[in-house]
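The figures here come from the full heavy-atom set of this structure, side chains too, leaving out hydrogens, waters and symmetry mates. Counting starts at 1 for both ligands and their atoms, following the listed order.
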Amino acid sequence: MNSNKLVYIGSIVSIAIVLFIGGLLIGRFAIPRSSNTIDTYNLSIVNQRTEEERKIIWNNLKQQFLNLVNAQEIEKNLYNFTRHTHLAGTDDDRNEAESIATKWREYGLDVTIHPYDVLLSYPNPIQPNIISIRDQNNNSIFQSNGNELMFNEDDKSLPFNNIVRPFLAYTPNGTVQSRKLFYINYCTTDDFQFIETIIDKNDLNGSIIICRFGKIFRGNKIGNAEKYGIIGVILYSDPIDFARNSTRSNSTYPNSIYMPDMGQQRGSALILSGDPLTKHYPAKDYMYRVPIDNNPWLPKIVAQQIGYKEAREILIRMTGISVLSNWTGGLDQVNYVYGGLLLDDLSIQISSYNTLQIRRIHHVIGTITGHIEPDRYVLIGAHFDAWNFGAIDDGSGIAVNHELVRVFRTLVRSNWKPRRSLMFCAWTAEEYGIVGSMEFVEEYAKILGSRVVSYLNMDVAVTGSELMIMEMSPLLYDFAIKISKQVKAPYVNETIYEQWIRINNGNHNVGEKFFTMGLSAISDFAGFNQIVGSSNIAMTYLNKSDLKNAGAYPLYHTQYETFRLVKKFVDPEFQAHQAIARVIGLSALTLTDIDLLPYNPARYHQALVSLLNLTKSIAPKSINFTSLQNAIDQFKIVADQFNQRIQTTLDKSNPIQLRIVNDQLMQLERAFQNPLGSSIEQADLKHTIYAPSRTNRYNARGFPSITDAIEDHNITNIQQQISIVTYFIHSAISVLHQPNKIQATS
Ligand SMILES: *[C@@H]1O[C@H](CO)[C@@H](O)[C@H](O)[C@H]1NC(C)=O
Ligand SMILES: *[C@@H]1O[C@H](CO)[C@@H](O)[C@H](O)[C@H]1NC(C)=O
Ligand SMILES: *[C@@H]1O[C@H](CO)[C@@H](O)[C@H](O)[C@H]1NC(C)=O
Ligand SMILES: *[C@@H]1O[C@H](CO)[C@@H](O)[C@H](O)[C@H]1NC(C)=O
Ligand SMILES: *[C@@H]1O[C@H](CO)[C@@H](O)[C@H](O)[C@H]1NC(C)=O
Ligand SMILES: *[C@@H]1O[C@H](CO)[C@@H](O)[C@H](O)[C@H]1NC(C)=O
Ligand SMILES: *[C@@H]1O[C@H](CO)[C@@H](O)[C@H](O)[C@H]1NC(C)=O
Ligand SMILES: *[C@@H]1O[C@H](CO)[C@@H](O)[C@H](O)[C@H]1NC(C)=O
Ligand SMILES: *[C@@H]1O[C@H](CO)[C@@H](O)[C@H](O)[C@H]1NC(C)=O
Ligand SMILES: *[C@@H]1O[C@H](CO)[C@@H](O)[C@H](O)[C@H]1NC(C)=O
Ligand SMILES: *[C@@H]1O[C@H](CO)[C@@H](O)[C@H](O)[C@H]1NC(C)=O
Ligand SMILES: *[C@@H]1O[C@H](CO)[C@@H](O)[C@H](O)[C@H]1NC(C)=O
Ligand SMILES: [Ca+2]
């Protein structure tokens with residue numbers, strides 16, 4: 001590293017791209033320098049630079065940033081993180097928060113810690129949850145183990161004894177027993193509808209069911225089962241999805257990335273983002289808490305996971321007709337059947353000993369204060385809680401986050417001054433259902449709602465090294481493409497953009513192929529999408545085969561998420577981690593430093609067009625979409641005019657003009673927010689264009705309230721929801737109009 005060069009860059013960089021600062025800011029904010037006050041620029045330096053010089057300075061800064069991101073540093077961070085377990089609400093969790101805060105303070109960030117008291121769930125440390133098969137005399141003939149198994153290759157110096165046993169967080173304790181057992185595939189709503197065509201749905205009442213992990217969020221599986229009067233749910237990872245090569249031990253962990261026969265995915269069953277006792281409000285001590293009894297967000301029935309070796313013992317004792325081939329799993333010598341009474345008057349029993357407990361959690365936020373617009377925030381976040389050692393979920397995100405703090409610290413030390421404030425977030429209790437970050441968003445809803453520019457999320461940032469995929473607001477589409485052209489892909493001599501084109505057989509429509517528009521409720525961006533209203537992005541490096549793995553990498557949430565797994569099989573040289581760090585970091589560097597926000601409203605028009613097309617294709621023919629269609633057409637005209645105005649009349653050297661335009665760009669996504677939410681039951685889902693699907697929180701759904709109404713076959717409500725979405729598109733249009741007056745509409 002050439003530090004002289006850095007200092008040179010830094011002194012002016014302070015916003016290379018920054019063109020301005022009028023007397024106004026200086027006059028109002030010319031106050032003494034200190035870390036807590038707003039600083040001013042030396043305009044004579046900034047204004048001396050030509051456009052060309054500013055470009056050179058900016059390019060040098062970018063290059064400097066990219067060079068600083070170091071794969072070995074990320075590897076060290078991951079090694080250190082995975083020495084411990086990280087269950088939210090435990091001592092491990094508190095220690096990790098303290099150690100992150102200490103580290104970030106050493107790096108020179110302004111660190112704040114944010115405690116909340118939230119409802120969490122734990123299994124009994126002594127008595128594992130057990131599934132048993134019982135004979136006519138109620139004697140157990142088979143009993144599940146309640147644990148995952150260790151291997152010789154596992155690092156015995158790790159605290160394996162401290163790992164939480166497999167359990168499904170928030171499912172109630174109790175013992176249920178039934179002689180009826182059904183197999184319901186992935187337990188999706190479609191699967192339930194399908195089995196209703198095979199068996200009498202009343203037969204499901206009082207039964208226990210078994211289904212496989214994958215396709216949809218596990219909480220939705222249990223939620224679906226509740227509606228049928230099912231009393232217990234058994235979940236397992238079928239080898240067809242999680243041990244794709246073969247179930248032989250030389251093809252599974254510790255010899256590959258695939259699930260061994262006693263591997264078990266832990267996870268939450270909460271169908272809500274945030275603390276279930278303080279919906280809408282922060283879990284602070286002054287806040288009222290709803291009673292736990294009959295809490296509508298908590299699962300009502302007993303549920304437990306097992307290894308596929310154990311699932312086999314259960315499946316072979318079932319009766320009933322054979323399933324269609326698309327329901328068949330990959331277990332050897334198992335005839336997959338729909339079920340009914342168990343063989344030989346056997347019964348199946350689930351005993352669970354889970355408890356609910358209110359525990360304290362702590363987030364860590366580290367800030368580099370912006371120099372010109374300190375009240376505009378760009379956030380980078382990852383969660384540090386994990387079900388186990390968390391090497392992938394979310395060690396990958398935390399290790400990258402630490403590296404970015406180190407790199408940005410280096411830039412700051414060489415005198416880089418970002419235009420806007422940059423905040424690093426380390427969240428906890430994400431695994432329980434975005435419980436942690438949602439409480440933070442709820443506490444600061446008002447200021448985040450007016451100040452956050454973008455939130456950049458890193459969760460399960462690396463599960464492979466072949467391909468990057470992204471989820472984002474459509475406003476960031478062109479920005480993401482631009483960034484991808486500047487970052488090298490791992491292990492190959494090409495940029496991420498070139499890699500996309502190669503994988504896409506030369507086609508340049510990479511956004512359509514590898515970007516998902518809108519974000520789901522799968523990680524800490526949930527609160528930023530649904531409540532804050534900022535324009536956000538998340539990304540993952542993976543292997544192409546991961547796309548086929550039913551919604552998760554094979555060892556997701558198992559105790560085998562260790563440093564060894566990543567080093568040996570996932571990203572041996574940490575080049576994929578490095579690429580993620582560069583993409584997230586370069587995005588943050590640009591969003592904090594650039595004068596004009598790089599959001600393109602025209603991309604939102606394209607997204608709306610394709611959503612309308614999709615929605616029409618599933619709606620009854622009688623539905624009238626004219627008003628929505630007209631609003632979308634009008635959105636295009638206004639978005640194009642807006643872009644045109646920026647190109648022709650915006651005077652970037654005028655800080656007020658710039659702020660006016662940037663405010664419009666920031667308000668655009670916010671204009672789509674319905675303060676009432678998508679329905680009374682889902683008042684926390686406020687984004688009318690994209691929200692998590694009510695049938696699968698892992699997916700973002702377009703025009704969610706319309707789509708829900710279509711699924712409910714309620715014509716009146718479909719038409720009502722169309723009018724509401726039309727209104728919010730008109731709201732967005734009014735944001736993009738010239739702001740000097742309020743345009744009348746017909
Ligand atoms: C600003 O920069 C100019 C040119 O380098 C220098 O002459 C002047 O002293 C600086 N002013 C302040 C307040 O630092
Ligand atoms: C490693 O982790 C421990 C505990 O989490 C922490 O105290 C220590 O500072 C970390 N070391 C480094 C180099 O990050
Ligand atoms: C069978 O035995 C178990 C364990 O002792 C007990 O919890 C359960 O209630 C018994 N079931 C019946 C039907 O007696
Ligand atoms: C299940 O059966 C019980 C009584 O046998 C009945 O009260 C309940 O409504 C049924 N549940 C469903 C979902 O059909
Ligand atoms: C795995 O083991 C089986 C039998 O032990 C053997 O036939 C097979 O070749 C092995 N596969 C690999 C990839 O080593
Ligand atoms: C799966 O099997 C194929 C063919 O035997 C082998 O090339 C590949 O490396 C295996 N994949 C993993 C992840 O073990
Ligand atoms: C399985 O096949 C049946 C019959 O073709 C179909 O109705 C059902 O939707 C399919 N299920 C899945 C999960 O693909
Ligand atoms: C069952 O869970 C409830 C709620 O957490 C708890 O109050 C109760 O003590 C638990 N019972 C057992 C036996 O663990
Ligand atoms: C990588 O690609 C660039 C441009 O395509 C080429 O100039 C360079 O020699 C290549 N480097 C290696 C190590 O192949
Ligand atoms: C609209 O959807 C149909 C399929 O429903 C597809 O064939 C067509 O290409 C889509 N058109 C646009 C503009 O997205
Ligand atoms: C559809 O709605 C539009 C606008 O509300 C209205 O002008 C038109 O007459 C309606 N079309 C039909 C067939 O009802
Ligand atoms: C259909 O939707 C309307 C308007 O939202 C509502 O008033 C009505 O109760 C719904 N009907 C049914 C059967 O759910
Ligand atoms: Ca809350």
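If you check which protein heavy atom lies closest to atom 14 (O) of ligand 7, you get Asn326 ND2, 3.2 Å. With hydrogens left out, the protein atom closest to atom 3 (C) of ligand 7 is Leu324 CD1, 3.6 Å, a heavy atom. For atom 6 (C) of ligand 11, the nearest protein heavy atom (residue, atom name, distance) is Asn624 ND2, 4.2 Å. With hydrogens left out, the protein atom closest to atom 12 (C) of ligand 9 is Asn493 ND2, 3.0 Å, a heavy atom.
Glu669 and His687 form a side-chain donor-acceptor contact under 3.5 Å, judged by distance and modelled atom types alone. Counted by atom type alone, Arg218 and Gln265 present one or more donor-acceptor pairs between their side chains at under 3.5 Å. Looking at Tyr183 and Arg212, their side chains do bring a donor and an acceptor atom within 3.5 Å of each other. Judged by distance alone, the side chains of Asp241 and Tyr186 do bring a donor and an acceptor atom under 3.5 Å apart. No hydrogens or angles considered: a donor-acceptor pair under 3.5 Å links the side chains of Gln721 and Asn717. Using modelled atom types, one finds a donor on one side chain and an acceptor on the other under 3.5 Å when comparing Thr626 with Asn624.
In this structure, atom 9 (O) of ligand 11 is not in close contact with the protein, since no protein heavy atom lies within 4.0 Å of it.
The part of Phe194 lying near ligand 7 is the side chain, judged by heavy-atom distances below 4.0 Å. Only the side chain of Asp191 comes within contact range of ligand 7, with a heavy atom under 4.0 Å; no backbone atom does.
Considering both main-chain and side-chain atoms, Ser627 never comes within under 3.5 Å of ligand 11 through any nitrogen or oxygen pair.
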